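One structure below.
Here the structure is a predicted model, which means the values were calculated and not measured.
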Amino acid sequence: MNKFYSDVFEVVRLIPQGRATSYGAIAKYLGAARSSRLVGYAMNTSHAVIPSVPAHRVVNRNGLLTGKAHFNPPERMQNRLEEEGVRVIEDQIQNWDEVFWDPSIHLIL
DNA sequence: TGAATGACTCGAT
DNA sequence: GATCGAGCCATTC
């Protein structure tokens with residue numbers, strides 16, 4: 001497993017409950033600001049990782065659940081978020097400004 | 001080995 | 001502002 005992947009997973013696990021962050025924010029925190037797509041790619045393989053990665057807390061920079069289709073079932077992503085107190089309407093996280101959690105701000109490397 | 005792909009992002013129109 | 005197009009880079013075929 002690449003360090004990049006493990007780092008991504010580690011950061012995602014640190015996201016507080018009821019919060020969410022973006023692929024770009026994670027990439028930036030890891031020093032790979034232009035590799036946001038790779039973060040999503042890493043998430044694609046995250047379902048096989050132990051302990052499981054809360055990938056539902058990672059969305060694109062608009063708070064849109066672009067990756068929900070990769071969950072099984074897809075509704076699981078939204079359900080998990082709502083269980084944690086995050087309102088989601090039409091795949092869009094409500095109050096995104098307050099829900100957004102930036103690792104480069106809340107985390108010290 | 002070379003080319004295509006993607007759970008994204010940013011800058012230009 | 002909203003929309004469109006190009007850039008990015010590890011992984012896969």
Return the value, rounded to whole Å, for the distance between atom CZ of A:F4 and atom C1' of B:dC8. 12 Å

In whole Å, I'd like the distance from the OH atom of A:Y41 to the C1' atom of B:dA4. 11 Å

So, taking the atom named CD in A:Q92 and the one named CG in A:N62, what distance separates them when rounded to the nearest 0.5 Å? 7.0 Å

At their closest point, which heavy atom of A:S22 faces which heavy atom of A:F100, and how far apart are they? N-CE1, 3.7 Å

Nearest-angstrom distance from the residue atom NZ of A:K28 to P of B:dC8: 19 Å

Counting only N and O atoms by type, is there a donor-acceptor contact under 3.5 Å from the side chain of A:W96 to the main-chain atoms of A:R61? yes

Can you tell me how far CD of A:E10 sits from CD1 of A:I26, rounded to the nearest 0.5 angstrom? 12.0 Å

Mind checking the OG1-OH spacing from A:T21 to A:Y29? Nearest 0.5 Å is all I need. 11.5 Å

Calculate the interatomic distance between A:I26 atom CD1 and B:dC8 atom C1'; express it in whole Å. 12 Å

Which side-chain N or O atoms in residues 30-38 of chain A pair as donor and acceptor under 3.5 Å with protein atoms at least two apart or in another chain?
none

Please set out all donor-acceptor pairs under 3.5 angstrom arising from side-chain atoms of residues 63-76 of chain A, sequence neighbours excluded.
{"unit_1": "A:K68", "atom_1": "NZ", "unit_2": "A:D91", "atom_2": "OD1", "d": "3.0"}
{"unit_1": "A:K68", "atom_1": "NZ", "unit_2": "A:D91", "atom_2": "OD2", "d": "3.2"}

Chain A vs DNA chain C, heavy-atom contacts under 4.0 Å, first-to-last nucleotide span, 5' to 3', is C:dG7 to C:dT12

Please report the C-alpha distance between A:W101 and A:L107 in whole Å, then the side-chain angles of each, then the deciding distance to 0.1 Å, and finally whether the side chain to side chain contact (heavy atoms under 4.5 Å, CB included) criterion is met. CA-CA 10 Å; A:W101 182 86; A:L107 239 48; 3.8 Å; yes

Close residues, residues 66-82 of chain A, relative to DNA chain B [heavy-atom separation under 4.0 Å]: A:T66, A:G67, A:H70, A:F71

Collect all protein-nucleotide pairs involving nucleotides 9-13 of chain B in which both atoms are nitrogen or oxygen and the distance is under 3.5 Å.
{"unit_1": "B:dT9", "atom_1": "OP1", "unit_2": "A:G24", "atom_2": "N", "d": "2.9"}
{"unit_1": "B:dT9", "atom_1": "OP2", "unit_2": "A:R61", "atom_2": "N", "d": "2.7"}

Between the CD atom in A:Q94 and the CG atom in A:D97, the distance rounded to the nearest 0.5 Å is 11.5 Å

Let me check something: any side-chain donor-acceptor pairs from residues 48-58 of chain A under 3.5 Å, sequence neighbours excluded? List them with distances.
{"unit_1": "A:H56", "atom_1": "NE2", "unit_2": "A:E84", "atom_2": "OE2", "d": "3.1"}
{"unit_1": "A:R57", "atom_1": "NE", "unit_2": "A:E84", "atom_2": "OE1", "d": "3.0"}
{"unit_1": "A:R57", "atom_1": "NE", "unit_2": "A:E84", "atom_2": "OE2", "d": "3.4"}
{"unit_1": "A:R57", "atom_1": "NH1", "unit_2": "A:I15", "atom_2": "O", "d": "2.8"}
{"unit_1": "A:R57", "atom_1": "NH2", "unit_2": "A:E84", "atom_2": "OE2", "d": "2.9"}

